[in-house]
Amino acid sequence: MAPADGGGEQPHKAHRQHKSGAKARKKKGKGGGGGDDDAGGEKKNPKAFAFQSAAKAKRLQARSAEIEQRRLHVPIMDRSIGEPPPFVVVVQGPPQVGKSLLIKCLVKHYTKQNLSEVRGPITVVSGKSRRVQFLECPNDINGMIDAAKIADLALLLIDGSYGFEMDTFEFLNIMQVHGFPKVMGVLTHLDKFKDVKKLRKTKQRLKHRFWAEIKEGAKLFYLSGLIHGKYTKREVHNLARFISVIKPIPLSWRMAHPYLLVDRFEDVTPQERAGDFSLSGLTSLADPCPLPSSAKKRGLRDKEKLFYAPMSGLGDLLYDKDAVYITLNDHLVQFSKTDENDAPKKQGKGPDLGKGLVKSLHNPRFSLNEKLEQSSIDLFGTKSAAQAKDVPANQNDQGDANISEQADGNNISNADTLESNEKSYSECSSDSEHDNDIQLSDHEVGLREKVEFFDGRLRRKAVSANFKDDDDDESGDDDVDSEDSGDDQLSEGSVSLDDNEEALVDSDDETGNNSKWKESLLARTLSRRSANLMQLVYGQASTKLDNIRSGGNDSDAEESSDEDFFFPKGHKKQTKNESTSFDDMDAEDYSKFFKAELRDWSDEDLIKSIRDRFVTGNWSKAALRGQEINENEEDDDVYGDFEDLETGEVHTSNTYENRAGNGDAHKQDDLAVEERRLKKLALKAKFDAEYPSYIFSLKEEIAIRKQMNISELDELDEDSRVEVEGFRTGSYIRLEVHGVPFELVEYFDPCHPILVGGIGLGEENTGYMQASLKRHRWHRKVLKTKDPIIVSIGWRRFQTTPVYAIEDRNGRHRMLKYTPEHMHCFAMFWGPLAPPKSGVLAVQHLSNAQVPFRITATGWIQEFNNTARIMKKIKLTSVPCKIFKKTALVKGMFTSDLEVARFEGAAIRTVSGIRGQVKKAAKIEPGDMPKRKGESTEGIARCTFEDRILMSDIVFMRAWVNVEVPTYCNLVTTALQPRDQTWQGMRTTAELRRAHNIPIPHNKDSAYKPIERKVRKFNPIEIPAKLQHLLPFKSKPKDTPKRTKTPVENRVPVLMQPSEKKTYAAIQQLRLLKHEKARKKKIQDEKKKKAYEAEKAKTEQLTKKRQREERRVRYREEDKQKKRARR
Amino acid sequence: MGREKARRLSGSRHFRQRMVLATLTSTAITIEDIRSGGAAPGLRPHELRYKPGVIVGGRDLEHDCGVHRGIGYFLEPLILLGLFARAPISIRLRGITNDTKDPSVDTFRMVTLHMLKQFGVPLEGLELKIESRGAPPLGGGEVFLRAPNINSTLKAANWVDEGMVKRIRGVTFSIRVSPQIENRIIYAARGIFNRFIPDVHIFTDHRSGSAGGRSAGYGVSVVAETTTGCLISADATVSYPNVDEMNEESESPELTSPEDLGVQVASMLLEEVAQGGVVDSTHQGLLFILCALSPPDVSKVRVSQLTPYAIETLQNIHDFLDVKFIIKPDPNSNTVTLKCVGAGVKNLARKTS
C-alpha cells in the first residue's frame, strides 16, 4: 500500500479533536440536540423554517450558484476532422500481473486470431467507425512516461491477491501531469482467493482505494480467473464493451501538438547526436488497418476484422510508400528456388538473361548499401489515414484483408493464386522479377526477409536510381514505369481496379516513353487548377508552365489594368515607385501601394461603374456581388478525381462526389441540409430558452467555427488541402527523418515503442523556464538546488539542474537551497522551451532499483524567462577599526575603495542592533593605529550609526546577489542504448562523493556548540561628587558610620513572670506532643507505602506477563492471515 | 538543439517583415548582402545575425524613429509584436508622423487598429494618440501607442463581405502653414465625393507651436466605411522632400496645391473602393500576416488585386510560418479570395499564474 503516512522520516502530527472546552461543548450541543428535532420540525412546519435572514439566504444562493458554475467547463475546440485515429489503449501494470495475456485475449476477441507474443502496438478494427490500438506499457519509468503521453484509455492492471503496487500510483501520477486520459482499473489474480467473503472484502477495499485515487465511482473491472490459460470469454467480452463505449478526452497538449507512434523502421545511418530533428519527407500511406466501408449493415464482417501488429511477428503485410512487404519463411525461399528453375523454361529464353538480371541486381544492391550509409530512418505511424473513405479504396481494403488472411495460412498457395490473377504483364517481365527475388533472398539468408508484394507477385524491394537505369539499359523493358504505377495502385490496395490498371499499363507499354504522357497529364491537371495565382505567388510551377502563364498574362495585362492582378513572379510592375521590383534584393520596404495614374472620377462612366458600391446605389445589384463567388466555385469544380500516375496518388475531391456526381443527390442533399439546419435551429432555440448561458454561446461559436472549417476545407482538392491543412488526424503516414543516430535502430526493442511528437513554433529553442514545482509527498527526500533531475515536459525528457526559489513579499525571487516540504516553489532551469501551462514531471533516476516511489516532483511551466533573476542573500561582515562618537571606520567588508563607492548609502547594522549607513571610503591616518605589515588601507569605509558602537561589535550588511542558473540540459537518450542498461546522466554531488569516497566538507564554524557566556563582573557604581550633590536625599548614598557594639536588644536578658512561664511551658509541651504524633504518623505511612509498592510491583509483573502472552497470540494470528492473503 | 543554424536570407528587402516573423516564430536569421551592390552600402556589419528571445513589452517605452522613414513604417511591425508580448506595450514614438511613402498615423489610427478587431483583439486596449505632428524633412512629431497583449491566440477571421460604402470620414492636417489650406483640401475632396454619397465628414487638425513639429506640410487621410464595417483608406501628404531625397534633387520640387491634393486623395479612395476587397491595398500585407498567425482554423479574406508588397508578404509567410494561402481570383468582382489555415502562433511570453 501507499505510504500515506509519508514514510518513516516524516511523521505528521495527528489531528486531535477537542474533548473539552467551548468548542467541544458547541459541537456536542449541535450534534446531540438539534439534528433530529430540526428535521422533524421543518417537516411539520416548513414556513417556520423559511429564511429569516437575508444574509443567510444570499449566502445559500451564492453557494448553490457556485456549485452550479463549478460544474461547467470552458468548451475546447476539437479541430480534428474526419475519421478518428485508432483509440490507444495502454495496458499498464506491475510485472507478472497479466498485461500481455489481457491484450492477447482482447485481440482474440476482436479478430479471432491468436497472438503468440505481444511486441509493439497492435491495431484492430473494433467497429464500423472505430479502431483500437493496444499498447503494453513497459515497466521502466521511461516507457511509462511515453505510454502515458499517448494513452486515450489506460487499463491499470492490479494484482487483486496482492493489492496495489507503486507502479500503478506512479503511472497515475504521470498521467495526471501529462493530461489525464480515461482510466479503468482491472483486477486480476482473483482466483487466488479461496474464501468468498475475503474476496468480496478485498474487492471492496481495493475499489475504495482506487476511488480515492481517481474519483468516486471510477470503474474497476474484475477478471475472476483463468480458463485454459485465458481470461474467461464473457469477461473479456464485457471488458471490450466497456472499451468500446469510452470516448477519448480532448487534452490540450495533444490537441496542439501532433504525435504518432512508430511501428516500423527502414534504414540506418552513421552516428549522429540525438535531439530534435526536422522532417525531410512526409507522405501519406494507405492504411494497413482501414475502417470498413460505410455500407449500412450491422456489425463487422469477418473480412473487416482487420488487425495490424507489425512488430509482433503477425500481420505479415507491410505497406510502404512505393511497396508492400510480406514476411516470408524459409520454406518460401526454397519455393523461389524451384521457381528459378522453371522460369527459363517458361520464358523460352536462355539463362543468360537471368544471370544478367541477377548481376544488374547485385550492383544496385551495393549502391543501396551505399545509400544506406547516407540516408535515413523512416518512421511509420500507425495512426491510419482518414482519407481512405472513398468507395474504391474500401473495396480494395477488403481485398487486402483477403491477402493478409491467406498469407497467414499458407504463403505459397497465396502467391500462386495471386499470380494467376495477374494478367497485365508479359510473362517475361514477371518471371524476370521472380529471378530477382530468388537472388536476393539467397543473398541475405538469415536476415529478416522483406519481400515486396507487387501485383500478386513477390519481389524484393530494391528501388534506386541505378537499378532503374540498369534495368532499362539491359532489358530494354519499360517495366520500371509500370512497376511504379502498379506499386502505387497496390499501395492503395487495388485488386478491384485491375481493369483500370491493365489499361494504364497497356498505354504505358505503347508510349514507351514515360516522360511525355506524364508531362501532358501534369500540364493538364495543373492548368485546370485554380492555383494559377498561387503558382504566381509561391512560384512552384515548372518553368515551362510558368512561361505559358506569364505570357498569357502579359497579353491580358495589356488590355486593361483590371486584369493585372495576374502579374507573374519576376514581372516588373510599372508603377510610380519603380524601385519596388521583385528582383531587387534591396528594394525599399513600402506597404503603401502607389497607383500608376489616377483616373478622373468626375467621369460619368466611371461613376456609374462603382455606383453600386455605395449605399446610395442599387442594393440588389450589390448583393449579387457576393454570390458570384459561389458560382465561380462551382465552375472550378469541373474536375473531380484525377490520378497522378507519377506519384500514384489518387486525388479525390469530395465536392465531386457531392455535387457533380448526380444532380438529384445534390438537390436531396440540399434539402436534407436545410432540414437539418432547421432542426438544429429549433433545438438551439429550445436550448437557449433552457440554458441562456455564456458557456453555451461559446459552444455554439465553436460548433459554427468547426463547421466552417470543414466546409471550407472540403471545397479544396486533396492536394491543396493537404498543402494548406497538413495531414489530418488519423492519417497513416511515412516520415523521413535524416541524421538520426544509428543506435536507435541497433537497439530498437519493439516492446518500447517509439513516439514521434511534433512541436510548435518557438518550442525548438532552448532557454530558461520557470516552473512551479512541488516535491511529491511520497518521495522521501527534499530536492537540492542544482542537483540534476530528469524532467519530462511535453514530448521531451531531459536532465537539467534546476535552481529552486520562492517569491518574497516584495516580488523578489529568493533562492532556496532545498525544496519546501509541503509547498510549491519555483524551479528555474535551462532546457528546450515548452509552452506555459505544460505539465512537468521530475524523476531523479531512471533505474528500476527499488526506490519506494520513483516520481520526485510534479508541477507545470509558468513562463519562459530570460531575465527574471533569482537572488541569494549575502551578509558582508566587518569589524570597526576606529570609533569616533557615532561614526566608525570599518574594515573587512569591502576589498577596495571602488567597492565602497558602489555601496555608499547602504544600510548596515551591528549584531547588537545599532543601525547605520555606509558613508564614504576612508583612509586611516598613519598615526591613528599601528599599521601592521602587509595590511592594506584599501576598502575601509566610514560609517555612521544611530549610537556609538563598541570595538567588540561586528558590523554587517545584508545584500542580495544574483544566482546563475546552470545552462545544463542533457537529453535522455534511452532509445540509443540497450534497454537493459540504465541511462546514466550527470550525477549529483552526493553520488559523486559516495563514489569517490570524499567526505562532506565541514566548516567548523558552522557547527553548533553550547554557548558559553562568561559572567561579567561589574565594578560598583561610582557617582561623581558633583552629581551626588544634585541628587535628592533618597537617592544620595548614605554615609552611615560602622557600629562597634552589639545593639541593646541583643545584650539584655528577658525575665518572665510566673504566669507567663506557665503559659510558655504549656505551649512547649503541646508543641512537643504534636511533633511526636507527626513523627509516628510518618513512620506508619512509610510502612504502608512500602507494602503498597510491593503489592503493586507484584500485580504489574503479572499484568505484563499476561499482555505479552496476548500480544504473541495476536501477532501469530495476524501473520497467519497475511500469509493466507498473499497466497 | 534542433535547427541550430540560422535561416539565411539576403538583401535588405522586407527587413521589417522578416524581423517580425523571425521574432514571432523565434527563428534565428542571418541576413547577408544588404545593399551590397549599392552605392551606399547598408548596415555597417555587412551581415546581420538575429536570434530572437522573448518579447517583453512594457510601459513607458520611447523610441526616436529618425527622419528617414515615417512613424507608420515602425507602427506596422510594432503592433504585431505588441500583441505577442509578455506585458501590454505602451510606447512613445518620435519622428515623422505624415510623409508621402508610409501610411500616415491618421490612417493607422482610423483603419489599422480597427482591423485587429476582426481577429479578436479588443479595441479598448488599442490606442494611438497623436501628441504632435511632424513632416519631412525635419520631423518633430510624437505619437503614443498603447496595445494589449493577447491571451493565447488571435481568432481566425472570416471576412469576405465587403459591403457598401455608407460613409466617408477623414482628417486633414496642416503644420506650419495656413490653416486655410485644410479647408481648400476638404472642399476639393468633397466635390468628388458628393457625387457618390452625401455622408462625408472631413475633420481638420491644425497644429501650431511645438505640436506642429519642425517642418511645414499639409495632407489628408480619408476613410470609407462600409455597411459591414470594412474600412478603406487613402492618404496623401504634401511636404518638402525627405532627407534622403534632398541630396539627389537639389532644386526644390513643385509642391501639389491643396485643391489638387484633395482631388488626388478622393480619386485614390474611389480607386480603392472600385477595386473592392475588405481592406485597402496598403493593409493587405498586415491582413495576411494576421491571418497566418491566427489559430489553425480557416481564415478567409477577400482583397482587391494583390499588391507586390502583399505578394512578397505571402512569400515571407510561407517561408517563416509555413502557411500557404489558397488564392482564388473572382473575375466578376475583380477581387481575390484568400484562404488559409493559420499557424496557431501563441503568445508564449505571457505568464500564467
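- Annotation: the span from B:Lys339 atom NZ to A:Glu715 atom CD amounts to 4.0 Å, rounded to 0.5 Å.
- Listed options A:Arg705, A:Glu725, A:Lys837 were ranked by heavy-atom pairs under 4.5 angstrom with chain B; first place goes to A:Arg705.
- Of the listed residues (B:Gly285, B:Ala343, B:Ala156, B:Gly72), the one with the most heavy-atom contacts under 4.5 Å to chain A is B:Ala156.
- Atom CH2 of A:Trp601 is separated from atom CG of B:Leu270 by 5.5 Å, given to the nearest 0.5 angstrom.
- Closest of all the heavy-atom pairs between A:Lys592 and B:Thr100 is NZ-O, 3.5 Å.
- Listed here is the closest heavy atom pair of A:Phe614 and B:Met164: O-CE, 3.2 Å.
- For the atom pair CD1 (B:Ile55) and CZ (A:Phe864), the distance works out to 11.5 Å, reported to the nearest 0.5 Å.
- Contact annotation for B:Ala224: neither backbone nor side-chain heavy atoms come within less than 4.5 Å of a heavy atom of chain A.
- For B:Leu348, the parts sitting under 4.5 Å from any heavy atom of chain A are the backbone and the side chain alike.
- In this structure, CZ in B:Arg195 is found 10.5 Å from CG in A:Leu606, a value given to the nearest 0.5 Å.
- With sequence neighbours excluded, the residues that form a ring pair (Phe, Tyr, Trp, His ring centres under 6.0 Å) with A:Trp253 are A:His257, A:Trp795.
- Atom CD1 of B:Ile326 and atom CD of A:Glu723 lie 6.5 Å apart (nearest 0.5 Å).
- A:Met77 contributes atom CE, which lies 4.0 Å from atom CG of B:Asp297 (distance to the nearest 0.5 angstrom).
- For B:Thr228, the side chain to side chain donor-acceptor pair (under 3.5 Å) test picks out B:Thr226, with sequence neighbours left out.
- Comparing B:Pro296, B:Cys340, B:Gly344 by heavy-atom pairs within less than 4.5 Å of chain A, the highest count is held by B:Pro296.
- For a residue to count as touching a neighbouring chain, one of its non-hydrogen atoms must lie under 4.5 Å from one of that chain's; by this rule A:Asp612 touches chain B with the backbone only.
- When heavy atoms are compared at a cutoff of 4.5 Å, A:Arg79 approaches chain B solely by way of its side chain, counted from C-beta outward.
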